[in-house]
Amino acid sequence: MMDQDEGMRSAAKSGWFSSLFRSIAGSNAALEMSDLDPALKALKDRLMTKNVAEEIAEKLCESVAASLVGKKLGSFTRISSSVQAAMEDALVRILTPRRSIDVLRDVHAAKERGTPYVIVFVGVNGVGKSTNLAKVAYWLRQHDLTVMLAACDTFRSGAVEQLRTHARRLQIPIFEKGYERDPAVVAKGAIQEATRNKSDVVLVDTAGRMQDNEPLMRALSKLINLNNPDLVLFVGEALVGNDAVDQLTKFSQKLTDLSTAPTARSIDGILLTKFDTIDDKVGAALSMVYVSGAPVMFVGCGQSYTDLKKLNVKSIVNTLLE
Ligand code: GDP
């Protein structure tokens with residue numbers, strides 16, 4: 001006759017009972033890197049198909065791994081679910097602004113002080129800088145604020161006319177001094193004019209420039225140092241993949257390096273354009289926030305003035321992980 005314990009032991013040596021026993025015992029062991037590797041690799045690939053820049057997908061997976069190695073999983077918890085949950089936490093943390101910038105509140109605060117609130121729009125040509133500047137103007141006007149545009153792209157021919165067209169359509173005043181002027185001085189003139197006529201906000205258009213173009217970056221840095229705007233908004237396309245990292249890193253690095261202000265200025269926020277054209281490839285939002293530490297404050301989602309939204313963090317995270 002076998003006693004009960006012996007019976008259990010013999011059953012444990014074979015069949016489903018044995019495998020169940022092992023899987024429960026296994027799930028109580030601390031996680032090792034090798035356990036996580038396959039799930040992390042799959043997740044990295046998924047992020048990259050959503051247009052997250054490769055180096056950022058890689059770094060995110062490393063931080064998820066670091067948060068899980070050595071942890072014990074609860075019984076029947078799948079490794080892939082734990083990896084997914086840890087990644088979700090990381091993504092929400094990155095995309096949720098550390099300091100929230102409430103433009104409308106800050107505009108009202110500036111108004112109380114009797115000064116216009118100044119936003120400088122920066123970014124590479126063709127990304128939708130002037131169109132989205134006009135959308136922000138429209139949005140501010142919807143909130144009963146008075147706006148003035150400042151045509152400080154004195155470099156690219158046609159830029160002033162383009163901004164004038166938006167100003168005319170929106171019936172908003174524009175401050176312009178033509179081309180070949182120092183944009184820093186034009187911006188200063190616009191702010192003085194806005195102070196005189198009590199405009200609430202000045203939106204400054206600047207020449208689109210490549211992050212590698214030293215003279216243009218220097219001119220932009222001068223404009224920012226001379227005028228100390230309330231907000232420097234980087235306008236970037238949601239269409240970019242790996243290039244998003246290069247553009248933004250160099251842009252903010254150059255601005256910081258060239259800054260002559262006591263506390264160096266860089267990019268305060270991001271306006272992500274052409275979001276309507278990317279389907280589920282929402283990775284640029286993540287890449288840009290990751291490299292700059294600046295929040296996505298506006299999302300451009302079409303060609304008309306009403307096509308401006310706030311970033312929906314939850315929806316971005318869900319899209320990245322689905
Ligand atoms: P800039 O050179 O950066 O000032 O770019 P523009 O403002 O001239 O925009 C370039 C093109 O992108 C224009 O055809 C715009 O209509 C288009 N555009 C700008 N924003 C958006 C957007 O959010 N969605 C889409 N689909 N097109 C946009």
Side-chain angles (χ1 to χ4, degrees), residues 103 106-107 110-111 113-134 136-137 140 145-168 170 172-235 250-269 271:
V103 173
D106 293 351
V107 170
K111 201 173 152 101
R113 293 194 301 272
T115 53
Y117 183 89
V118 179
I119 308 181
V120 173
F121 290 72
V122 307
V124 174
N125 266 333
V127 295
K129 188 149 32 65
S130 50
T131 307
N132 285 276
L133 180 151
V136 172
L140 290 164
L145 295 163
T146 53
V147 183
M148 175 188 266
L149 308 187
C152 297
D153 181 351
T154 58
F155 183 73
R156 183 173 63 98
S157 78
V160 175
E161 289 76 8
Q162 194 177 344
L163 204 64
R164 209 185 282 146
T165 306
H166 288 303
R168 197 177 50 242
L170 290 166
I172 285 178
I174 177 169
F175 186 93
E176 51 159 301
K177 291 285 172 199
Y179 296 93
E180 290 174 19
R181 297 292 187 98
D182 182 344
V185 177
V186 180
K188 193 162 194 64
I191 296 166
Q192 283 166 349
E193 170 94 4
T195 310
R196 262 197 305 276
N197 68 20
K198 298 200 182 332
S199 290
D200 299 323
V201 187
V202 181
L203 302 182
V204 181
D205 186 27
T206 65
R209 56 207 76 214
M210 294 309 290
Q211 60 276 21
D212 296 322
N213 185 325
E214 181 86 17
L216 283 177
M217 285 305 297
R218 205 169 276 285
L220 180 60
S221 178
K222 182 179 171 192
L223 186 153
I224 291 169
N225 287 322
L226 186 69
N227 296 292
N228 194 24
D230 297 278
L231 192 68
V232 177
L233 207 50
F234 180 86
V235 185
K250 288 193 176 150
F251 233 99
S252 59
Q253 191 60 49
K254 272 271 161 21
L255 284 184
T256 310
D257 290 351
L258 297 170
S259 179
T260 55
T263 44
R265 289 296 299 264
S266 189
I267 287 153
D268 301 308
L271 192 161

Main chain of [Y], side chain of [X]: is a donor-acceptor contact present, judged purely on distance under 3.5 Å?
{"X": "Asp205", "Y": "Ala151", "value": "no"}
{"X": "Thr146", "Y": "Asp200", "value": "yes"}
{"X": "Lys129", "Y": "Phe121", "value": "no"}
{"X": "Tyr117", "Y": "Val103", "value": "no"}
{"X": "Thr195", "Y": "Ile191", "value": "yes"}

Practice task
Please indicate whether Glu180 has more than 12 foreign heavy atoms, meaning atoms of other residues, nucleotides or ligands, lying under 6.0 Å from its CD.
Solution key: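 Atom CD in Glu180 is not crowded, with 12 or fewer foreign heavy atoms closer than 6.0 Å.
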Say you draw a straight line from [atom1] of [X] to [atom2] of [Y]; how long is it, rounded to the nearest 0.5 Å?
{"X": "Leu226", "Y": "Lys188", "atom1": "CG", "atom2": "NZ", "result": "4.5 Å"}
{"X": "Glu176", "Y": "Glu161", "atom1": "CD", "atom2": "CD", "result": "7.5 Å"}
{"X": "Leu223", "Y": "Asn228", "atom1": "CG", "atom2": "CG", "result": "11.0 Å"}

Handout entry: Asp182 with Lys222: basic N within carboxylate O range, under 4.0 Å
Key =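 A salt bridge is present here (some side-chain N lies under 4.0 Å from a carboxylate O).
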For the student: nearest non-hydrogen atoms of [X] and [Y], plus distance:
{"X": "Val202", "Y": "Ala150", "result": "CG1-CB, 4.0 Å"}
{"X": "Gly208", "Y": "Asp153", "result": "N-OD2, 4.1 Å"}
{"X": "Ala194", "Y": "Pro116", "result": "CB-CG, 4.0 Å"}
{"X": "Phe234", "Y": "Gly123", "result": "CE1-CA, 4.3 Å"}
{"X": "Ser266", "Y": "Ser252", "result": "OG-CB, 3.0 Å"}

Is there a side-chain contact between [X] and [Y] (heavy atoms, below 4.5 Å)?
{"X": "Lys254", "Y": "Asp257", "result": "no"}
{"X": "Leu140", "Y": "Leu203", "result": "yes"}
{"X": "Val122", "Y": "Leu220", "result": "yes"}
{"X": "Val136", "Y": "Leu271", "result": "yes"}
{"X": "Arg156", "Y": "Tyr179", "result": "no"}
{"X": "Thr131", "Y": "His166", "result": "yes"}
{"X": "Gln253", "Y": "Lys250", "result": "no"}
{"X": "Ile224", "Y": "Pro229", "result": "yes"}

Practice task
Show your working on side-chain contact (heavy atoms from CB on, under 4.5 Å) between Asp106 and Asp230 and close with a plain yes or no.
Solution key: CA-CA 9 Å; Asp106 293 351; Asp230 297 278; over 6 Å; no
Practice task
Scan Ile172, Ile174, Asn197 and name whichever one has a side-chain contact (heavy atoms from CB on, under 4.5 Å) with Met148.
Solution key: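 That would be Asn197; it is the only one of Ile172, Ile174, Asn197 passing the side-chain contact (heavy atoms from CB on, under 4.5 Å) with Met148.
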Exercise for the section: Check Val186, Val160, Val185 against Thr154 for a side-chain contact (heavy atoms from CB on, under 4.5 Å) and give me the one that passes. Expected result: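 Filter result, single survivor: Val186.
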Exercise for the section: Let me see the working for Val204 and Asn227 under side-chain contact (heavy atoms from CB on, under 4.5 Å), right down to the final yes or no. Expected result: CA-CA 11 Å; Val204 181; Asn227 296 292; over 6 Å; no
Problem - Residues in salt bridge (charged side-chain N to carboxylate O under 4.0 Å, His left out) contact with Asp268, at least two apart in sequence or another chain - result: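 With neighbours one apart ignored, the set is Arg265.
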